[in-house]
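All values below come from the heavy atoms of this structure, side chains included, with hydrogens, waters and symmetry mates left out. Nothing here was measured: the structure is a model prediction, and the numbers come from that model.
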Amino acid sequence: MRPLTPDQIRLRAELAAAQTQIVALLRSAVGESLSPEQAQTVTEEARAWRGPNAFRLVRYLSDRPDALSRPSSTSPTCVVRLLAALTAAGHGDRVALVPCGDCGRTAPLPTNNGPEGRLCARCAGRRAKKPCARCGKVASIYARRPEGGICNPCRNKEADAKEECTGCRRVMIPYQRLPDGTSLCQTCAPKKARTCCRCGRHRRVNALTADGPVCGSCYSSPARLCGVCEQIVPIVARADGTRPDTCDRCYKRHEKTCFVCQRVRPGHHINGGRGPFHCDTCRPREECTCALCGRAAKVKVFWPRGPVCDSCYRAALSTPGPCASCSRQRILIGQTSDGALLCKACSFPDEPVERCPGCGEPADLYAGDRCPRCTLAARVTGLLSVDGASVAPALEPLADVLTGADNPYRVLQWLRRSPSARLLGRLAHDPAALTHESLDALPQRAATAYVRGLLVTAGILPGRDENLALLTHWVARSVAELPAPHARLIRPFAEWHIIRDARRRSDRGRYTYAAYKGDCGNVLAAIDFLNWLDSQHLSLRRLQQPHLDAWAADRPTLRSRSIPFLRWSTARRLCPPDLAIEHPASQFPGHFQAEEEARNELLRCFNDTALPLDVRVTAALVRLYALPLTRIVELTEDHISRDQEHTYLSVNQHPFVLPPKLARLIDDQLRHSAPQHSTTAGRRYLLPGQSPGRPRNPLGLADTLRHHGLPARAARNTAMVDALADLPPMVIADLLGIHPRTAERWATLVGENWSEYLASLR
């Protein structure tokens with residue numbers, strides 16, 4: 001180390017003496033409550049502990065004994081900062097802040113020079129405004145050009161104004177220059193943060209009040225007269241040439257017609273307020289490649305993972321996952337260099353962790369500064385309570401179901417967007433309406449079915465066979481729309497034949513959605529047959545076999561569907577005897593797969609992680625065990641059993657040993673299926689439907705498999721042929737629960753028959 005020169009030694013001694021004098025002057029002006037350590041700290045915050053400011057501060061305090069209690073408008077900048085630091089340290093009763101010479105406010109600090117004294121940044125900038133040499137507007141001069149000074153908007157329109165942001169890789173106006181010469185845009189640039197004096201969180205400061213810095217969540221604008229309602233309230237929109245000062249309530253009430261969608265909605269004028277009015281949905285947004293789905297779309301938000309489109313943003317909010325760093329279930333917005341996903345807290349480790357004031361847990365805070373779980377509890381209480389404070393005892397099980405969901409984000413989204421939530425809120429105000437009869441009187445839409453399933457799941461309503469109920473109500477509505485002569489025939493046929501048989505099957509637990517659709521088809525065929533008789537000026541009494549043959553020939557799709565009504569009419573002597581419709585011979589399956597194709601699709605189900613989990617499970621069950629989709633959707637967690645070595649799937653009360661990969665897929669599917677989607681006995685479906693307590697629709701499931709290139713029909717036919725090649729048809733009929741005649745037809749197709757199997761038993 002080089003030795004100090006005499007001048008350096010002298011300056012250091014003078015600085016030490018000045019620092020000692022600063023501490024003494026501050027303690028004499030403030031009092032003994034200011035310790036020497038605090039005096040040094042506030043002086044360092046004022047940037048007056050070292051350098052020329054230290055000597056400048058000593059001279060100013062020595063010449064003016066009341067410099068801190070009665071500061072002058074010409075005080076040095078270091079004194080202005082020192083007074084603010086003393087106030088923030090709790091000594092505001094012994095000192096006074098320097099006011100701005102123009103507006104008289106003490107926040108922001110008046111650190112600029114003016115003709116009448118210190119000026120805050122806003123007033124200094126306003127005084128420095130001049131006409132722009134390009135646009136002519138009076139604004140702050142940002143740059144000098146040959147034609148004169150130009151404003152910031154005109155500078156940003158120049159060709160070389162934009163650069164690639166190091167953070168988000170967008171070509172944007174540079175906001176902060178980094179040491180290596182690159183720049184960050186305003187979105188990616190780190191924000192200065194301080195501890196909020198109200199909530200205690202380390203956040204970006206929105207305002208400096210007499211109590212200290214205040215963040216944006218805690219800050220509310222000063223109350224003054226609203227020009228619309230003439231009430232003294234906080235103002236959210238300042239007066240301009242088109243409107244007066246407007247409070248939040250009046251601002252939302254006075255919406256405008258969107259230039260694009262022509263709807264009256266809140267929004268703003270584009271192009272700096274000079275362009276047409278656009279609502280928040282139709283406002284122009286930048287298009288780029290979404291970092292999640294890879295499609296070119298309008299950007300909803302910029303995350304550390306990259307730009308995110310609107311659909312992916314909503315999906316990410318409703319499907320949190322485990323963070324690779326903290327392992328908590330959070331919204332994953334960032335990622336590591338190796339692709340592992342991170343939550344917000346782990347993506348920005350330098351920022352303090354946000355904690356919910358209700359439960360104290362770190363989480364992504366919602367409106368009201370509460371975590372999703374506490375926010376969900378408050379919103380469920382508001383939905384199900386009459387007074388907004390407590391839930392009625394009869395609805396507490398329903399509140400427990402909603403608030404006990406593993407994924408509160410999805411339930412919050414359902415409460416905000418779903419018509420089912422709005423219907424449930426209306427019904428909760430009238431407990432007498434929470435019955436099956438009251439729900440049956442409502443329009444039978446998807447929202448009604450969802451609310452009914454939710455109430456059954458919570459135990460508020462008793463469980464019932466919804467497929468049978470669907471048939472009963474559909475028959476009642478359809479018969480009510482028929483002419484009286486037709487209704488006198490269709491009603492007894494539907495009620496005493498179709499519904500009675502459906503009720504017997506329901507008692508055995510085997511009345512499926514496909515059976516419901518088939519019974520509806522039988523009734524519709526009967527209605528169509530009676531309409532055809534009227535068009536031919538015939539009646540059931542005068543019906544002859546040629547007439548019946550002509551009708552069946554013209555309607556081949558209704559041929560088999562009309563047989564139940566004809567048999568019912570003949571048994572009750574409503575038509576001549578011995579009439580019959582020739583039952584079309586059952587056709588052998590015609591769709592099969594090659595052995596190599598079936599094997600590749602099964603391997604794809606086991607190994608392709610890009611496929612949805614429910615698709616992989618369903619397609620594998622079809623290809624391994626030839627199970628129909630109508631039976632797969634009825635599988636619940638009770639059909640899965642385990643021992644120390646294997647996992648079993650019980651079909652028709654016969655357990656099958658599952659391959660290890662398929663067992664893991666089924667375990668994952670049960671773990672990810674929503675717990676509230678349970679059966680009436682509290683058992684979860686392997687493939688839950690949209691409505692609680694209901695399985696997935698097999699028709700929609702078939703479409704999903706076909707969309708992913710895994711069709712079910714050809715695969716099941718191929719699996720059935722392979723099974724019959726290894727096992728006798730009687731065993732297949734017993735294991736899979738299919739009719740013996742069906743097994744016989746399949747055996748005939750494969751080349752086996754029952755007689756060979758029976759002969760082998762002798």
Side-chain angles (χ1 to χ4, degrees), residues 467 470-472 474-505 511-592 628 630 698-699 702 713-714 717 738-749 753-754:
N467 293 325
L470 286 175
L471 176 65
T472 304
W474 180 86
V475 167
R477 292 194 305 270
S478 301
V479 172
E481 298 173 357
L482 296 176
H486 290 186
R488 285 194 294 268
L489 291 173
I490 296 299
R491 179 177 287 108
F493 166 69
E495 293 181 353
W496 292 99
H497 181 70
I498 299 296
I499 296 180
R500 185 181 180 185
D501 179 67
R503 189 172 289 111
R504 284 197 297 265
R505 285 183 284 172
Y511 191 68
T512 63
Y513 183 81
Y516 152 70
K517 297 299 289 186
D519 288 340
C520 292
N522 293 339
V523 176
L524 288 175
I527 295 173
D528 186 81
F529 181 63
L530 294 180
N531 291 334
W532 180 81
L533 290 177
D534 289 346
S535 66
Q536 301 296 320
H537 305 288
L538 293 172
S539 65
L540 286 175
R541 295 289 183 185
R542 296 189 296 138
L543 183 64
Q544 300 296 325
Q545 186 64 43
H547 302 145
L548 197 59
D549 294 339
W551 181 85
D554 293 339
R555 292 165 176 79
T557 57
L558 297 179
R559 181 196 299 267
S560 59
R561 290 293 183 191
S562 59
I563 293 177
F565 178 70
L566 182 62
R567 290 177 178 173
W568 178 83
S569 301
T570 303
R572 283 149 186 80
R573 301 179 182 178
L574 299 177
C575 61
D578 301 329
L579 294 180
I581 296 178
E582 183 181 354
H583 194 287
S586 299
Q587 300 294 325
F588 285 117
H591 297 84
F592 294 93
T630 54
L699 301 180
R713 176 180 295 182
N717 293 342
I738 61 178
H739 198 276
R741 292 182 182 177
T742 304
E744 185 178 4
R745 289 181 53 250
W746 276 100
T748 303
L749 177 66
N753 55 57
W754 286 82

Do [X] and [Y] have side chains that approach each other closer than 4.5 Å (heavy atoms only, starting at C-beta)?
X    : Y    : value
I498 : V475 : no
N522 : W568 : no
Y511 : D519 : yes
L524 : D528 : no
L533 : S539 : no

### Message
Which residue is it: V479, I527, L530? I am looking for the one with a side chain to side chain contact (heavy atoms under 4.5 Å, CB included) to H486.
### Response
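The single option meeting the side chain to side chain contact (heavy atoms under 4.5 Å, CB included) with H486 is L530.
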In Å and rounded to the nearest 0.5 Å, what is the [atom1] to [atom2] distance from [X] to [Y]?
X    : Y    : atom1 : atom2 : value
L540 : R573 : CG    : CZ    : 15.5 Å
L538 : W551 : CG    : CH2   : 13.5 Å
S569 : L489 : OG    : CG    : 7.0 Å
D534 : F529 : CG    : CZ    : 10.5 Å
T472 : R503 : OG1   : CZ    : 6.0 Å
H547 : L579 : NE2   : CG    : 10.5 Å

Between [X] and [Y], which heavy-atom pair has the shortest distance, and what is it?
X    : Y    : answer
F493 : F565 : CE1-CA, 3.6 Å
C520 : L471 : SG-CD1, 4.0 Å
Y513 : L699 : CE2-CD1, 4.4 Å
A525 : S562 : CB-N, 4.0 Å
S478 : L482 : O-CG, 3.4 Å

### Query
Can any side-chain N or O of R561 pair as donor or acceptor with the backbone N or O of G518 at less than 3.5 Å?
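Pair found, side chain donor or acceptor close to backbone of G518.
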### Task
Count the heavy atoms of every other residue, nucleotide or ligand shown that sit under 6.0 Å from CZ of R505, and state whether that count exceeds 12.
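Check passes, neighbour count above 12.
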